[in-house]
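What you see is a predicted model; the values in this text were computed from it and never measured. We name chains A, B, ... by the order of the sequence lines, and we start the count at 1 in each one.
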Amino acid sequence: MSLYTEFLDGSVVALSRIISHIENRREGYQEVLSRLYRSGGRMYRIGVTGPPGAGKSSLVNRLAGLAAEAGHRVAVICVDPSSPFTGGALLGDRLRMQDIPLDKGVFIRSMGSRGSTGGLAAATSNVAVALDAFGFDTLFIETVGVGQMELDIIDACDTVVVTLVPESGDAIQALKAGLMEIADIFAVNKADRAGAEQMVYDLQSAMEMKAIHSEWIVPIVATQATGNVNLDELYRHIVGHKAFLENTGLLARKRTEQLKKKVEQVLVKSIQRDIDRTLLNGAALDEIALRIMRGEDDPYSAGQALFQRYKFGS
Amino acid sequence: MSEKIRVLLAKPGLDGHDRGVKVVAAALRDAGMEVIYTGLRQTPEQIVTAAIQEDVDVVGVSILSGAHMTLFPAIIDLLRQRGGGDKLVFGGGIIPDEDIAALEKAGVSKLFTPGASTVDIIDWVRKAVAARKKDEKLL
Ligand code: B12
Ligand SMILES: Nc1nc2c(ncn2[C@@H]2O[C@H](COP(=O)(O)OP(=O)(O)OP(=O)(O)O)[C@@H](O)[C@H]2O)c(=O)[nH]1
Ligand SMILES: [Mg+2]
C-alpha cells in the first residue's frame, strides 16, 4: 500500500510521513500535492504571529483546546527558526503546548524555518494543504518570533492574530507599518504585567484611524495565556472574524488572491529554474560581466538580450 | 543537499533531572539537527504521539530516576502498536550495565551513561539514521 492510500484511509502515520515528503521536497511530492489540493479547501486557518517570546505558543495551547472542545478537528503547525549557520533548530513551541488535548486527535507539527525569512518555512502552506485534505477543519499556524516585516503569514491563513506584550508599548510607533497592518485581532498577552491597560489603549488609538476605512473593527483583547484569562474572549473574536469574512464574501476573495499568488509562485519558480539551467550557467555570464566592466555593454542591454534569447530562442 | 535529521527528546515519568537532556538537545541542534524536546513528566502515550506527529527519525529518552526497565519497553511497545516501529529509540541517564544489556535486547538501539561525550552521541545518531534507509511508496 502506498502512503497516499493509507492517508486516504485516515492513517495519521501516513499523514505525518507525507508531510515529511512535502517538507523535504522528495521526489513525487508535487504530484501528491496536486491531489491534496483538489480534495481540500474546507479548513479554516488562523495565524498567530508576534515578537519572540510574546506568548504565541501559550495562546495556541489554549485556543486549540477551545476549538477542540467546540467540536472541531484541530491541527497546529508551529515554526521555529533554524540556525543560518548549522541549519539546526530547537523546535520549542510544542513544549509550551502541553495542555492541548492530544487524546482528542489534535495534531501538532513543528517545523524549522530552514532558511526562509518571512516568519514561516517555505513548505508551511503546503503542509497546511495536506492537513486540510486529511480532514482537519481548523488550523493554527504559529510563526517564528517576528519583527516588523516578516509577514508571510498573511498568505497562509484566513485570520491573523498579532500577539504583543505590555512591553511592546514603546514599539507601537515603530510597529505601525507591517506587523500592525496585518492584524485582524490583537492579543495583548501577559496582561498580568504592568502596562497592559496602557498598551490596549495605545493600540486602540492607533487603530482608530484604520477603522474608518474598514468594515472590520480590529478587536484588542488583553490575555493571560499562562493564567488562562480571557482566552475564551479571544477565541470568540476569532470565530467572529471568520463569520465576518464568510458573510461579506471576503473569505472567498482572500483565498482567490492567495491562490493567484500561489500559481504565480509556481510559474515564476519554474521559469527561474529553467533560466538557471539554461542561461545562467556556464561562462557566458562571466563574459558579459567582463564586457560591462570594459564599458562595452551594460546590465540592462545584456539582461534584455538574454531575455529575448530566452523567450524567442537565439 | 542531505535531509535534516529530526530528533524527539523526552523525559518520561516523574524524573526531574533535565540537565543531561538539555545538553544533548543543544549538541544535536548545533550539529544541524531539528530537535523537539517534549519537556518533563511525559507519559509514554504522549511521547509516542509526539514522535509520530513530528515524524522524527529517532526518539531519545532520558531517565535518571531508575524507572528505565518499565519506561523504555512501554515506549517501544506503544511505538510499534501505533505504526512507528521504524523509529529508533535510544537514550541515556543512570542505567546500570546489566540493565543496558537487557534493554538493548528489548529493542533500545543505544544507551549513553554519565560522562558520555556529545560528539559520540551526535556521531551515533548520524550513523544510525543513515543506516536505516527506508523505502516506501508515496503514491
Ligand atoms: C544534579 C542532580 C540533581 C539535581 C537536578 C537538577 C536538574 N534540573 O537536572 C537536583 C538537585 C534537583 C536533583 C534531585 C534529585 N536527585 Co539527583 N542528581 C543530580 C546529579 C548529582 C547529577 C545529574 C546531572 O545533572 N548530571 C549532568 C548531566 C549532563 O549528565 P546526565 O544527566 O547523566 O546526562 C549525560 C548522560 O547520562 C547522557 N544522557 C542523559 N540523558 C540522555 C538522553 C539521551 C537521548 C542521550 C543520547 C543521552 C543522555 O548524556 C548526558 C551527557 O553526557 C546525579 C548524580 C550523578 N552523578 O549523575 C544525581 C542523581 C541522578 N539524583 C538522584 C536522586 C535520588 C535524586 C532525588 C530523588 C533526591 C531526593 N531524594 O530528593 C531528587 C529527585 C528530583 C526529581 N524530581 O527527579 C540519584 C538517582 C538514583 C537512581 N537513579 O537510582 C543520583 C544518581 C544521585 C545518587 N547517586 O544517588 N538531582
Ligand atoms: N507572565 C506571563 N507569562 C506568560 C504569559 N503567556 C506566556 N508567558 C510566558 O512567556 C514565555 C514565552 O512564552 P511562549 O508561549 O513560548 O512565547 P512564544 O511567543 O511562543 O515564543 P517564541 O515561539 O519563542 O517566539 C514562557 O515562559 C511563558 O510561560 C502570560 O500571560 N503571562
Ligand atoms: Mg512559540
Side-chain angles (χ1 to χ4, degrees), chain A residues 1-7 11-35 75-78 80 82-83 85-98 100-103 105-115 121 131, chain B residues 1-11 18 21-57 79-87 118 122 125-126 129 133-139:
Chain A
M1 254 215 307
S2 76
L3 279 179
Y4 185 67
T5 327
E6 289 176 46
F7 174 97
S11 157
V12 175
V13 175
L15 163 67
S16 191
R17 308 272 322 134
I18 283 182
I19 290 175
S20 300
H21 281 266
I22 293 171
E23 199 182 13
N24 293 304
R25 301 199 183 106
R26 292 187 197 134
E27 204 184 322
Y29 87 97
Q30 280 165 324
E31 207 183 325
V32 171
L33 268 175
S34 299
R35 299 197 193 182
V76 176
I77 299 175
C78 34
D80 266 315
S82 305
S83 160
F85 304 107
T86 65
L90 206 59
L91 306 179
D93 293 323
R94 191 181 188 104
L95 178 58
R96 303 266 179 229
M97 299 185 183
Q98 305 276 351
I100 288 186
L102 294 175
D103 54 338
V106 180
F107 184 95
I108 309 174
R109 183 67 173 234
S110 312
M111 298 180 76
S113 61
R114 298 193 181 179
L131 293 167
Chain B
M1 200 188 71
S2 69
E3 285 186 12
K4 292 261 150 298
I5 294 175
R6 284 170 70 88
V7 184
L8 186 80
L9 292 181
K11 292 273 326 167
D18 61 357
V21 75
K22 284 179 171 165
V23 168
V24 173
L28 295 180
R29 176 201 58 198
D30 293 342
M33 301 179 198
E34 289 184 346
V35 180
I36 300 138
Y37 173 48
T38 63
L40 296 172
R41 282 179 279 285
Q42 299 292 296
T43 62
E45 183 78 32
Q46 289 169 312
I47 293 168
V48 167
T49 301
I52 285 175
Q53 293 184 345
E54 301 288 357
D55 191 27
V56 293
D57 302 292
L79 253 185
R80 286 181 183 155
Q81 275 173 42
R82 297 283 175 79
D86 59 320
K87 301 182 192 314
T118 53
I122 293 165
V125 173
R126 284 199 179 127
V129 172
K133 273 283 146 268
K134 51 195 162 219
D135 71 319
E136 57 190 4
K137 233 170 78 209
L138 183 52
L139 271 170

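Both the backbone and the side chain of S110(A) come within less than 4.5 Å of a heavy atom in chain B. At a 4.5 Å heavy-atom cutoff, E45(B) makes no contact with chain A through either its backbone or its side chain. L90(A) touches chain B through backbone and side chain together, each having a heavy atom under 4.5 Å away. Only the side chain of E23(A) comes within contact range of chain B, judged by heavy atoms closer than 4.5 Å. For V106(A), the part lying near chain B is the backbone, with the side chain staying farther off; criterion is any non-hydrogen pair under 4.5 Å. With a 4.5 angstrom heavy-atom cutoff, R114(A) touches chain B only via side-chain atoms.
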Test side-chain contact (heavy atoms from CB on, under 4.5 Å) on L131(A) and L15(A); report intermediate values, then the result. CA-CA 8 Å; L131(A) 293 167; L15(A) 163 67; 4.0 Å; yes

Report the C-alpha separation of R94(A) and E54(B) in whole Å, then their side-chain angles, then the decisive distance to 0.1 Å, and conclude whether the salt bridge (Lys or Arg N to Asp or Glu O under 4.0 Å) test is met. CA-CA 10 Å; R94(A) 191 181 188 104; E54(B) 301 288 357; 2.6 Å; yes

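Counting non-hydrogen atoms of other residues, nucleotides and ligands closer than 6.0 Å to CZ of R41(B) gives a total of 12 or fewer.
Between chain A and the residues R82(B), E34(B), Q53(B), K137(B), the largest count of heavy-atom pairs under 4.5 Å involves Q53(B). Counting heavy-atom pairs closer than 4.5 Å to chain A, the top residue among I5(B), T38(B), L28(B), L40(B) is T38(B).
Side-chain contact between I19(A) and R109(A): present, with at least one pair of heavy atoms (C-beta onward) separated by less than 4.5 Å.
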